[in-house]
Asks: 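The structure that follows is given in the form of structure tokens.
Every value quoted in this text rests on a predicted model; they were computed, and no experiment measured them.
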Amino acid sequence: PSGVGKTTLGLQFMKEAACRAERSVIYTFEEGVETLIKRSANINIPIEQMISRGSISIVKVDPLEFSPDEFTHMVRMEVEEKNASIVMIDSLSGYTLSFKDMTDEDKLIKNLHSLNEYLKNMGVTIILINEMENITGGFKATDVGISYLADNIIFLRYLEMKGEIHKALGVLKKRLSDFEKSIRELEITECGIKIGKPLNNLQGVLSGNPHIIQNNDNGLNN
């Protein structure tokens, strides 16, 4: 959902890539470049320094400025001429709205499929940010039926606990290997992202309505 930390998590992957001398590019369809730089600096992700070193590019895509083919060409130039190793599209909802001939969901999926296959063949990681409308409630992997494209799916959720809003993170899919099934609390602080201990005492996290599991004297759960 909105504001849960999707872009920040994607930027964390790019920060680590920069430490390995790899280059990344973000296509932002919603947030302004200056806003992204400022709020990243507040959580220990030095985007401005990364830009000056050539480790990252931020491209603001204005609505209706490009056709889908023109956008794909722009991505290809970043990969083939500037050696980008990570491409992030932030977000799919903005991507859909920006292309006037992409209102058909089938066209959207076909276009993303082609772009995804090209990037995979080039050895490039693509991060797709998918915003869900519901703050809590029913859980869906994506809202446009593109989960089959992903080798890995990370989900972020809001939780209401004791009258306070918390955030949780988990892995839903990892195609090439097994993965940790636990759901952990997520905090975004001035020092960066913090991943907490597994929320083993909670049930109903995916529904957004968790409740505490307590052990009774017989070792059974209530």
Side-chain angles (χ1 to χ4, degrees), residues 1-17 24-48 50-51 56-63 86-98 108 112 125-147 150 152-173 182-199 202 204-211:
S2 177
V4 78
K6 303 178 298 299
T7 302
T8 299
L9 184 61
L11 289 173
Q12 185 67 37
F13 283 100
M14 294 179 167
K15 178 184 176 183
E16 298 302 320
S24 305
V25 57
I26 306 168
Y27 295 98
T28 172
F29 287 81
E30 299 165 9
E31 189 168 15
V33 175
E34 293 300 321
T35 302
L36 184 59
I37 291 173
K38 183 177 181 179
R39 72 178 183 87
S40 297
N42 291 336
I43 54 174
N44 197 34
I45 299 179
I47 294 294
E48 199 161 22
M50 291 164 65
I51 291 173
I56 193 169
S57 291
I58 305 175
V59 180
K60 179 69 172 73
V61 183
D62 293 322
I86 298 179
V87 170
M88 182 162 80
I89 296 178
D90 186 13
S91 66
L92 290 182
S93 57
Y95 176 88
T96 304
L97 292 173
S98 293
L108 169 66
L112 282 173
T125 297
I126 178 170
I127 299 175
L128 301 175
I129 305 295
N130 185 203
E131 181 172 314
M132 309 301 289
E133 291 184 358
N134 293 338
I135 299 298
T136 60
F139 180 83
K140 294 194 298 181
T142 68
D143 60 352
V144 289
I146 60 165
S147 58
N152 311 284
I153 297 177
I154 299 173
F155 66 87
L156 295 93
R157 298 283 284 172
Y158 282 117
L159 308 176
E160 181 186 350
M161 296 187 294
K162 297 182 178 179
E164 293 184 349
I165 294 176
H166 295 255
K167 300 174 182 178
L169 172 147
V171 178
L172 187 66
K173 175 183 177 182
S182 63
I183 299 172
R184 295 172 178 262
E185 187 165 4
L186 169 72
E187 291 185 84
I188 300 174
T189 74
E190 61 183 14
C191 297
I193 292 176
K194 292 185 178 181
I195 307 298
K197 295 181 179 180
L199 300 173
L202 292 180
V205 171
L206 292 185
S207 69
N209 298 294
H211 58 274

Asks: Which atom pairs, donor and acceptor, lie under 3.5 Å between side-chain atoms of residues 40-48 and protein residues at least two apart or in another chain?
Replies:
unit_1 : atom_1 : unit_2 : atom_2 : d
Ser40  : OG     : Leu36  : O      : 2.7
Asn42  : ND2    : Lys38  : O      : 3.4
Asn44  : ND2    : Cys191 : O      : 3.4

Asks: Applying the side-chain hydrogen bond (donor to acceptor under 3.5 Å, both in side chains) test to Ser91, which of Glu31, Glu131, Glu30 qualifies?
Replies: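 Exactly one pass, corresponding to Glu30.
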Asks: Verify, without hydrogens or angle tests, whether Lys6 (side chain) and Leu128 (backbone) share a donor-acceptor contact under 3.5 angstrom.
Replies: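 Checking the backbone N and O of Leu128 against the side chain of Lys6, no donor-acceptor pair under 3.5 Å is found.
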Asks: With rounding to the nearest 0.5 angstrom, report the CD1 to OH distance, Ile58 to Tyr27.
Replies: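 Result: 12.0 Å between the selected atoms.
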Asks: Drop me the distance from Arg157's CZ to Met132's CE, to the nearest 0.5 angstrom.
Replies: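 Here the interatomic distance stands at 8.5 Å.
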Asks: About how many Å separate CD1 of Ile56 and CE of Met88, when rounded to the nearest 0.5 Å?
Replies: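 CD1 of Ile56 is found 7.0 Å from CE of Met88.
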Asks: I'd like to know whether Leu169 forms a side chain to side chain contact (heavy atoms under 4.5 Å, CB included) with Ile154, so could you lay out the CA-CA distance, the side-chain angles of the two residues, the decisive distance to 0.1 Å, and finally the verdict.
Replies: CA-CA 7 Å; Leu169 172 147; Ile154 299 173; 4.0 Å; yes
Asks: Side-chain contact, heavy-atom cut-off 4.5 Å: Ile127 with Ile89?
Replies: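 A side-chain contact is absent here, since even the closest heavy-atom pair is not under 4.5 Å.
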Asks: Got a second to check how far Thr8's OG1 is from Lys15's NZ, nearest 0.5 Å?
Replies: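 It is 11.5 Å, given to the nearest 0.5 Å.
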Asks: Give me the atom names and distance for the closest heavy-atom approach of Val25 to Met14.
Replies: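 Taking Val25 first and Met14 second, the nearest heavy atoms are O-CE, 3.6 Å.
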Asks: Kindly compute the distance separating CG (Leu112) from OG1 (Thr96), expressed to the nearest 0.5 Å.
Replies: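 It comes to 7.0 Å.
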Asks: Less than 4.5 Å apart, side chain to side chain, heavy atoms only: is that true for Val61 and Tyr95?
Replies: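 No. Closest side-chain heavy atoms not under 4.5 Å.
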Asks: Over all heavy atoms of both residues, which pair between Ile86 and Ala17 is shortest? Give the atoms and the distance, please.
Replies: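 Shortest heavy-atom contact: CD1-CB, 3.7 Å.
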Asks: With heavy-atom distances below 4.5 Å as the criterion, would you say the side chains of Leu186 and Ile193 are in contact?
Replies: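 Yes, at least one pair of side-chain atoms sits under 4.5 Å.
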Asks: To the nearest 0.5 Å, tell me how far Leu9 CG sits from Ile195 CD1.
Replies: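 Going from the CG atom of Leu9 to the CD1 atom of Ile195 covers 7.0 Å.
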Asks: Taking Arg184 for its side chain and Gly196 for its backbone only, find out whether a donor-acceptor pair lies under 3.5 Å.
Replies: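 Here the side-chain-to-backbone pair exists.
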Asks: Thr7: which residues meet the side-chain hydrogen bond (donor to acceptor under 3.5 Å, both in side chains) condition with it, sequence neighbours left out?
Replies: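 Thr7 satisfies side-chain hydrogen bond (donor to acceptor under 3.5 Å, both in side chains) with Asp90 only.
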Asks: Would a distance-only check, ignoring hydrogens and angles, find a side-chain to backbone donor-acceptor pair under 3.5 Å from Lys167 to Ile188?
Replies: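 No.
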Asks: So Leu199 and Leu159, do their side chains get closer than 4.5 Å, heavy atoms only?
Replies: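 Yes. Closest side-chain heavy atoms under 4.5 Å.
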Asks: Verify the neighbour count for atom CD1 of Ile51: are there more than 12 heavy atoms of other residues, nucleotides or ligands below 6.0 Å?
Replies: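 Check passes, neighbour count above 12.
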